[in-house]
Amino acid sequence: MTPEQNKTAEKMKSVKAAWDKAPAGPKKDAALKHYQAAEKANTAKNDTDTNKELDAATHALA
């Protein structure tokens with residue numbers, strides 16, 4: 001894995017952990033949609049979109 005891929009993988013773990021701890025509700029639902037989009041982008045090896053969706057998921061939980 002490249003350093004960028006490692007960074008993205010760590011970010012995914014961090015966002016997933018934050019999502020797991022979040023209380024149920026519309027914010028968590030919105031964040032899940034972004035996280036799922038990030039997973040798809042990550043599978044497609046698109047780090048730019050992955051990070052964009054992870055940022056959106058983090059913002060949705062805020």
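Everything quoted here is computed from the prediction, not taken from an experiment.
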What closest approach, in Å, do [X] and [Y] show between heavy atoms, and which atom pair accounts for it?
| X | Y | answer |
| --- | --- | --- |
| T50 | N42 | OG1-N, 3.0 Å |
| Y35 | A57 | N-CB, 4.2 Å |
| L54 | T8 | CD1-O, 4.2 Å |

Inset, instruction - Taking only Lys NZ, Arg NE, NH1 and NH2, and the carboxylate oxygens of Asp or Glu, determine whether E10 and K7 approach each other closer than 4.0 Å. - result: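 The answer is no: the pair does not qualify as a salt bridge.
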Legend entry - CG-CH2 distance between L32 and W19, expressed to the nearest 0.5 angstrom: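 Taking CG in L32 and CH2 in W19, the distance rounds to 5.0 Å.
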Legend entry - Gap separating the CD atom of E53 from the CE atom of M12, nearest 0.5 angstrom: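 Answer rounded to 0.5 Å: 10.5 Å.
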Legend entry - Full working for side chain to side chain contact (heavy atoms under 4.5 Å, CB included) between D55 and H34: CA-CA 9 Å; D55 289 342; H34 288 295; over 6 Å; no
Legend entry - Selection residues 17-31 - residue pairs positive for salt bridge (Lys or Arg N to Asp or Glu O under 4.0 Å), sequence neighbours left out: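 Non-adjacent pairs meeting salt bridge (Lys or Arg N to Asp or Glu O under 4.0 Å): K16-D20.
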Inset, instruction - Would you check if E39 and Q36 make a side-chain contact, meaning some heavy-atom pair closer than 4.5 Å? - result: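 Contact flag for E39/Q36 side chains = yes.
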